[in-house]
Amino acid sequence: MNIILFGATGMVGQGVLRECLLDPNVQVVKTLGRTATGVQHPKLREIVHTNLWDFSSIEPELSGFDACFFCLGVASAGMKEAAYEHVTYGIAMAAAESLSRLNSQMTFVYVSGAGTDSSEQRKIMWARVKGKTENALLRLPFRAAYMFRPGAIEPLHGAQSRTTVYRLLYTATKPLLPILRWAFPNSILTTEQIARAMLAVAQNGAPKRILEIKDIRALALAHDETDP
């Protein structure tokens, strides 16, 4: 597979990039973001592009992909709805509209969040915006599109959040997360599980388009069982 990855410098994206580079079924991974990842690997190609709302100038570099893993996002804390929507909905749709036109057989995987509001009507701002984004992505003419809704995430293999508060929180709770994940397997996922579930749906699809924590966990397990 040839994969394009958005958000590779974020916590989830770091985990996804690692698993893509390790997977023998992945031939090329191309990252797209405002900054380079700093990773060196024979499979890796990178595009540094500052205007994430307009990809017209780099469209020749956006074709020939089997899957897109969209891990780019921002925390909603302290943001007005218009600003949060501009980033969350605006960037995802700009990317997806270009990719769906250039890659008709692409599988698009979007990292959303547990509690996302598909009705777009509830009071929680981020949930409405995420729901609007999911709904719009599902209407695009991809071969398939899947919305991943993780909750709490345990970073593995050195993955770190770029948000200072989250980074401190993960550092403080690091000893507890493996225990909590064992006790509540359908509440906490690792970056590795999310990445492997993405690879699973890119290769084999999934029975439904909106995937909650337990679904992601099951897909990751299935991928592990079939991984050579």
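The basis for the numbers below is simple: all heavy atoms, side chains too, and nothing from hydrogens, waters or symmetry mates.
Counted by atom type alone, His223 and Asp23 present one or more donor-acceptor pairs between their side chains at under 3.5 Å. Under the 3.5 Å distance criterion, with hydrogens and angles disregarded, a donor-acceptor pair is assigned to the side chains of Thr107 and Arg143. One side chain, Glu134 or Ser112, offers a donor N or O that lies under 3.5 Å from an acceptor on the other.
Listed for the Lys43 side chain is a donor-acceptor partner under 3.5 Å among the backbone atoms of Leu21. For Ser98 (side chain) and Ala95 (main-chain N/O), no donor-acceptor pair under 3.5 Å exists by modelled atom type. The backbone N or O of Ser100 lies less than 3.5 Å from no partner atom in the side chain of Asn103, so there is not a single donor-acceptor pair. A donor-acceptor distance shorter than 3.5 angstrom exists from the side chain of Arg45 to the backbone of Pro42, with no hydrogens or angles considered.
Contact annotation: the side chain of Cys20 approaches that of Leu199 to within less than 4.5 Å [non-hydrogen atoms, C-beta and beyond]. Residues Arg209 and Leu138 meet the side-chain proximity criterion, which asks for heavy atoms closer than 4.5 Å. Here the side chains of Ile194 and Phe148 are in contact, with some heavy-atom distance below 4.5 Å. When side chains are defined from C-beta on, Leu44 does not count as touching Val28, because their heavy atoms never get closer than 4.5 Å. Taking the side chain as every heavy atom from C-beta outward, Phe55 and Leu99 never approach each other to under 4.5 Å. By the 4.5 Å heavy-atom criterion applied to side chains, Ile3 and Cys68 are not counted as neighbours. With contacts defined as side-chain heavy-atom distances shorter than 4.5 Å, the pair Cys71/Met198 qualifies.
The CZ atom of Phe65 sits 6.5 Å away from the CG atom of Asn2 when rounded to the nearest 0.5 Å. Between the CG atom in Leu189 and the CD1 atom in Ile216 there is a gap of 5.5 Å [rounded to 0.5 Å]. Rounding to the nearest 0.5 Å places CD of Glu59 at 5.0 Å from CG of Leu102. In this structure, Ile213 CD1 and Ile188 CD1 are separated by 8.5 Å, a value rounded to the nearest 0.5 Å. Arg149 CZ to Ile210 CD1: the interatomic distance, rounded to the nearest 0.5 Å, is 4.5 Å. Interatomic distance, CG of Leu211 versus CE of Met147, reported as 9.0 Å (0.5 Å rounding).
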Begin from the C-alpha positions of Glu97 and Arg101 and carry the test salt bridge (Lys or Arg N to Asp or Glu O under 4.0 Å) through to its verdict. CA-CA 6 Å; Glu97 286 170 354; Arg101 179 163 40 82; over 6 Å; no

Tell me, with the steps shown, if Leu52 and Leu72 meet side chain to side chain contact (heavy atoms under 4.5 Å, CB included). CA-CA 10 Å; Leu52 299 180; Leu72 189 154; 3.8 Å; yes

Evaluate the side chain to side chain contact (heavy atoms under 4.5 Å, CB included) criterion for residues Thr190 and Ile153: first the C-alpha distance (whole Å), next the side-chain angles of each, then the deciding distance (0.1 Å), finally the verdict. CA-CA 5 Å; Thr190 68; Ile153 300 171; over 6 Å; no

Gln105 vs Asp66, side chain to side chain donor-acceptor pair (under 3.5 Å): CA-CA, chis, key distance, verdict: CA-CA 7 Å; Gln105 294 304 302; Asp66 302 294; over 6 Å; no

Show your reasoning for whether side chain to side chain contact (heavy atoms under 4.5 Å, CB included) applies to Thr31 and Val48. CA-CA 8 Å; Thr31 64; Val48 176; over 6 Å; no

Show your working on side chain to side chain donor-acceptor pair (under 3.5 Å) between Thr191 and Glu154 and close with a plain yes or no. CA-CA 6 Å; Thr191 49; Glu154 179 188 354; over 6 Å; no

Candidate pair Asn204 and Leu219, rule side chain to side chain contact (heavy atoms under 4.5 Å, CB included), full reasoning: CA-CA 10 Å; Asn204 302 310; Leu219 286 163; over 6 Å; no

Evaluation steps, side chain to side chain donor-acceptor pair (under 3.5 Å), between Thr37 and Glu46: CA-CA 8 Å; Thr37 63; Glu46 299 199 75; 3.0 Å; yes

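Residues Met1 and Leu22 are members of separate hydrophobic clusters, defined by side-chain heavy-atom contacts under 4.5 angstrom among Ile, Leu, Val, Met, Phe, Trp and Tyr. Residues Ile91 and Val12 are members of separate hydrophobic clusters, defined by side-chain heavy-atom contacts under 4.5 angstrom among Ile, Leu, Val, Met, Phe, Trp and Tyr. In this structure, Val111 is not a member of the same hydrophobic cluster as Val74, with clusters built from ILVMFWY side-chain heavy atoms closer than 4.5 Å. Hydrophobic clustering keeps Val109 apart from Leu140 (ILVMFWY residues linked when any side-chain heavy atoms are closer than 4.5 Å, directly or through intermediates).
Residues in residues 77-93 take part in these salt bridge (Lys or Arg N to Asp or Glu O under 4.0 Å) pairs, two or more places apart or across chains: Glu81-Arg128, Glu85-Lys132. Here ring pair (Phe, Tyr, Trp, His ring centres under 6.0 Å) pairs that include residues 117-142, with residues two or more places apart or in two chains, are Phe108-Phe142.
Scanning both residues, Ala75 and Tyr84, for their nearest heavy atoms gives C-CE1, 4.3 Å. For Gly13 against Leu5, the heavy-atom pair with the smallest separation is O-CD2, 3.9 Å. In terms of heavy atoms, Ala96 sits closest to Leu137 at CB-CD2, 3.4 Å. Looking at every heavy atom in both residues, Ala195 comes nearest to Glu19 through CB-CG, 3.4 Å. Nearest heavy atom pair, residue Leu17 against residue Ala8, reads CD2-CB, 4.5 Å. Scanning all heavy atoms of the two residues, the minimum distance from Met93 to Thr133 falls at SD-O, 4.5 Å.
Legend: residues meeting salt bridge (Lys or Arg N to Asp or Glu O under 4.0 Å) with Glu61, ordered by chain and number and at least two apart, are absent. Here Tyr110 pairs with Phe70 under the ring-ring contact (aromatic ring centres under 6.0 Å, His included) rule; sequence neighbours left out. For the side-chain contact (heavy atoms from CB on, under 4.5 Å) test, residues two or more places apart in sequence or in another chain that qualify with His86 are Trp53. In terms of the side-chain hydrogen bond (donor to acceptor under 3.5 Å, both in side chains) criterion, residue partners of Asp117 (sequence neighbours excluded) are, by chain and number, Ser119.
Crowding of Gln27 atom CD: a count of heavy atoms from other residues, nucleotides or ligands under 6.0 Å not exceeding 12.
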